[in-house]
Participant: 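Below is a structure I'd like to ask you about.
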Amino acid sequence: MDKSKLSVDPVIPNLYRKAREEGISTVFDRYEAQQPQCGFGLTGLCCRHCVQGPCRIDPFGEGPQAGICGATAEVITARNLLRQVTAGAAAHVDHAYDVLEVLEQIAQGTESYSIKDQEKLKQVAFTLGIDTANKTEQEIVEEMCQIIYRDFANSGATPMTYLKANSPRERLETWEKLGVLPRNPDREIREALHQTTMGMDADPVNLILKTIRLGLVDGFAGLKLATDLQDIIFGTPQPVVTEANLGVLKEDYVNIIVHGHVPLLSEKIVEWSRKLEDEAKKAGAKGINLAGICCTGNEVLMRQGIPLATNFLAQELAIITGAVDLMVVDVQCIMPSLAEIAACYHTRLVTTMPIVKIPGAEHVPFTTETADEASQQIVRMAIESYQKRNPAKVYIPREKAKVVAGFSVEAIVKALAKLNPDDPLKPLIDNIVSGNILGVVATVGCNNVKVKHDWFHIELVKELIKNNVLVVTTGCSAHALAKAGLMDPAAAEWAGEGLRAVLTAIGTANDLGGPLPPVLHMGSCVDNSRIGDLVIAVANYLKVSPKDLPIAASAPEYQHEKALSIGTWAVAMGIMTHLGVVPPVVGSPKVTRILTQDAEALIGGKFYVETDPYKAAAGIIEHIKAKRALLNL
Ligand code: XCC
Ligand code: SF4
């Protein structure tokens with residue numbers, strides 16, 4: 001395989017070669033072995049929802065045009081999409097629910113976790129209508145948990161409180177008119193699975209409306225709920241300076257990688273890595289070095305300044321360095337192949353969650369009650385493992401980039417307040433109005449082996465900032481941009497003149513010793529809710545709907561079902577959402593048209609599919625300009 005085609009990340013070719021020399025196959029090789037991939041699956045035209053199938057629809061009109069039960073292309077693709085979005089929403093809601101349980105345990109007096117951000121607690125309490133006056137922290141937390149649990153126990157038709165409390169009125173009215181307001185999030189997930197079983201809904205429009213409803217479940221019972229509660233428990237991010245790429249691994253240190261999504265585990269590993277530093281020194285290391293992969297990497301980067309090791313597609317290559325003493329995982333985006341690869345080195349792979357076990361990995365059960373013991377045990381396992389590291393098998397790449405991150409909405413507002421303490425959003429709005437900032441784009445989501453690793457993220461963003469578009473980012477997109485140096489203040493150089501002037505003004509006012517980076521890291525994938533909050537704040541300020549703003553979202557290299565559900569939420573918010581990988585719905589021209597065209601008139605947002613980064617940038621900029629024109633800007 002031509003190594004230069006795999007990735008634009010400079011560390012990949014050498015590590016890929018090392019893997020090959022050591023006889024280890026990786027995601028890149030397995031992708032090749034899967035070629036050609038099934039055209040029915042790629043276009044969404046395969047149904048396995050009952051055991052009479054699988055049924056396939058011939059997209060060229062020569063073969064069958066209906067499944068055995070009579071389901072057509074549009075039914076099959078719409079049904080498949082709804083199932084995928086439901087699965088994505090389920091993942092995020094389950095994540096948020098785990099954090100909610102910890103919040104409840106805090107109210108009950110657990111010693112494992114506590115409230116770090118009283119301000120955020122009060123702010124969330126206020127949004128939920130909780131009167132905080134004369135109440136203890138514990139009472140506020142208790143009341144908050146009750147209100148949120150009520151959403152999950154709601155047996156009636158009333159919409160989710162957490163969504164109502166956090167959405168602008170215009171959006172609520174639009175959603176109500178379309179009949180897509182979610183009730184109990186768990187019930188919506190159940191109902192969507194029911195609705196897509198054999199012999200149920202055969203109306204593609206009805207199925208797509210349900211898909212939008214599940215997008216809203218994801219946005220509010222998943223993303224927003226998880227972020228808010230995580231901020232309350234672990235603190236709201238503020239700017240941090242750190243580094244990204246596998247060059248952050250250190251030769252003389254115990255290297256631990258946290259991988260997965262939920263900070264309940266990774267925060268504890270950070271805590272115990274610091275506390276057990278002396279034990280590492282006794283074992284001959286200079287200390288303990290922690291780095292993150294995927295979204296849990298983003299979580300501890302944002303709050304603790306922990307460096308990013310790498311993103312989704314290079315998770316195996318991290319182990320190929322031979323320098324990782326232990327990788328500990330919780331949930332989501334964990335390749336099952338890790339166990340086999342870790343077995344080729346001294347690396348210990350540790351699973352922690354009852355729903356993620358991998359044969360070949362060691363399992364250390366992690367619960368709120370055992371959080372501290374389990375984390376100590378895991379860190380000690382890493383120290384032991386360090387002593388077995390084989391220097392002959394170690395190759396640590398030199399490359400790493402400087403990263404300024406930690407841009408929660410609160411941090412952004414604080415930075416802007418240095419320019420206008422009384423009205424912090426005003427400088428941002430003024431610069432959008434004047435055209436110094438043409439618009440704002442969120443690049444989010446994964447890597448996908450179908451796309452040259454990181455390439456789409458980076459090329460798209462370079463085009464955007466050159467054209468004075470401010471970029472905010474989360475997820476593995478954020479990792480890609482971090483590794484490429486786009487979160488280094490020096491990257492402001494690559495921005496257009498207007499944007500650069502704004503970045504410099506904010507940087508100077510905040511004594512950053514340089515401009516603000518042109519790409520603002522806003523966190524993990526659940527932290528897309530931060531982007532939603534920012535959008536709502538700006539829309540409210542201008543007294544318009546989010547759908548009217550000169551903004552867009554993009555998932556250039558997405559792979560996960562979660563990305564589809566996040567994208568659906570963004571569309572429901574009224575945001576045009578670009579996809580750089582063709583979604584598996586194109587087998588039905590009708591479903592494709594609804595998602596990429598008709599949706600706009602109904603809800604304000606739509607999907608925009610474009611697999612060329614330069615054309616995508618042009619399309620996004622054109623969209624932003626059209627929105628500006630409608631606002632008379
Ligand atoms: Fe997973 Fe969140 Fe996608 Fe990265 S971006 S591959 S979902 S880690 Ni969320
Ligand atoms: Fe075929 Fe219909 Fe069964 Fe799907 S539900 S597998 S289309 S018979």
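In each ligand, atom 1 is the first atom listed, and ligand 1 is the first ligand listed.
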Participant: Between V403 and D488, is there a side-chain heavy-atom distance shorter than 4.5 Å?
Facilitator: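 They are not in contact (no side-chain heavy atoms under 4.5 Å apart), so the answer is no.
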
Participant: For atom 9 (Ni) of ligand 1, what is the nearest protein heavy atom, given as residue, atom name and distance?
Facilitator: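 Of every protein heavy atom, C525 SG, 1.8 Å lies nearest to atom 9 (Ni) of ligand 1.
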
Participant: Short of 2.8 Å from atom 4 (Fe) of ligand 2, name each protein N/O/S atom, waters not counted.
Facilitator: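 Near atom 4 (Fe) of ligand 2, the protein supplies C47 SG.
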
Participant: Under 4.0 Å from a heavy atom of K562: which atoms of ligand 1 are those, numbered in the order shown and with their elements?
Facilitator: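 Under 4.0 Å from K562, ligand 1 has these atoms: 7 (S).
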
Participant: Checking side-chain polar atoms at under 3.5 Å, does T568 have a donor or acceptor matched by the opposite partner on T211?
Facilitator: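 T211 and T568 do not have a side-chain donor-acceptor pair below 3.5 Å.
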
Participant: Check whether the side chains of D527 and T474 place a donor and an acceptor atom closer than 3.5 Å, and report yes or no.
Facilitator: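 Per modelled atom types, D527 and T474 side chains form no pair under 3.5 Å.
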
Participant: Side chains of R83 and T196: do they bring a donor and an acceptor to under 3.5 Å?
Facilitator: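 Yes.
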
Participant: Please work out, at 4.0 Å between heavy atoms, whether the side chain, the backbone, both, or neither of C333 comes within that distance of ligand 1.
Facilitator: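 Side chain only.
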
Participant: To the nearest 0.1 Å, how far is atom 3 (Fe) of ligand 1 from its closest protein heavy atom, and which atom is that?
Facilitator: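 Atom 3 (Fe) of ligand 1 sits closest to the protein heavy atom C446 SG, 2.4 Å.
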
Participant: Which residue and atom name correspond to the protein heavy atom nearest atom 2 (Fe) of ligand 1, and how close is it?
Facilitator: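 Nearest neighbour among protein heavy atoms for atom 2 (Fe) of ligand 1, to 0.1 Å: H261 NE2, 2.4 Å.
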
Participant: Report, in ascending order of atom number, the atoms of ligand 1 lying under 4.0 Å from any heavy atom of G445.
Facilitator: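 Near G445, meaning under 4.0 Å from one of its heavy atoms, ligand 1 has 5 (S).
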
Participant: Given the ring of F40, does R56 sit roughly above its face, with NZ or CZ under 6.0 Å from the centre of the six-membered ring and within 45° of the axis?
Facilitator: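 The answer is yes; both the distance and angle limits are met.
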
Participant: Taking only heavy atoms of F312, which atoms of ligand 1 are found under 4.0 Å from at least one of them?
Facilitator: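 Selected atoms, number and element: 6 (S).
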
Participant: Checking side-chain polar atoms at under 3.5 Å, does H363 have a donor or acceptor matched by the opposite partner on T351?
Facilitator: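 The answer is yes; a qualifying pair exists.
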
Participant: Examine all N, O or S atoms of C476, backbone included, and report whether one is under 2.8 Å from atom 4 (Fe) of ligand 1.
Facilitator: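 It does; at least one qualifying atom falls short of 2.8 Å.
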
Participant: Contact between Q332 and ligand 1, counting heavy atoms under 4.0 Å?
Facilitator: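 No.
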
Participant: Using a strict 4.0 Å threshold on nitrogen-to-oxygen distance, state whether D231 and R530 make a salt bridge.
Facilitator: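 R530 and D231: salt-bridged.
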
Participant: May I ask you to say whether R79 pairs ionically with D201, meaning some side-chain N is under 4.0 Å from a carboxylate O?
Facilitator: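 A salt bridge is absent here (no side-chain N lies under 4.0 Å from a carboxylate O).
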
Participant: I'd like to know if the side chain of D218 pairs up with that of H92 as donor and acceptor (distance under 3.5 Å, no hydrogens or angles considered).
Facilitator: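 Short answer, yes.
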
Participant: Could you tell me which non-hydrogen atom of S273 sits nearest to which non-hydrogen atom of L290, and how far apart they are?
Facilitator: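 Minimum heavy-atom separation between S273 and L290: OG-CD1, 3.5 Å.
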
Participant: Give the numbers and elements of all ligand 1 atoms closer than 4.0 Å to a heavy atom of C295.
Facilitator: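 The list of qualifying atoms is 2 (Fe), 8 (S), 9 (Ni).
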
Participant: If you measure from each heavy atom of A563 to ligand 1, is any distance below 4.0 Å?
Facilitator: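 Contact check A563 vs ligand 1: negative.
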
Participant: Is a side-chain donor or acceptor of N447 paired with a backbone partner of L313 at a separation under 3.5 angstrom?
Facilitator: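 Checked: pair present.
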
Participant: Give the contacting part of R79 toward ligand 2: side chain, backbone, both or neither, where contact means a heavy-atom distance below 4.0 Å.
Facilitator: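 Under 4.0 Å from ligand 2, R79 contributes side-chain atoms alone.
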
Participant: Side chains of H453 and N311 only: does a donor on one sit below 3.5 Å from an acceptor on the other?
Facilitator: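 There is such a pair (donor and acceptor under 3.5 Å, judged by atom type) between the side chains of H453 and N311.
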
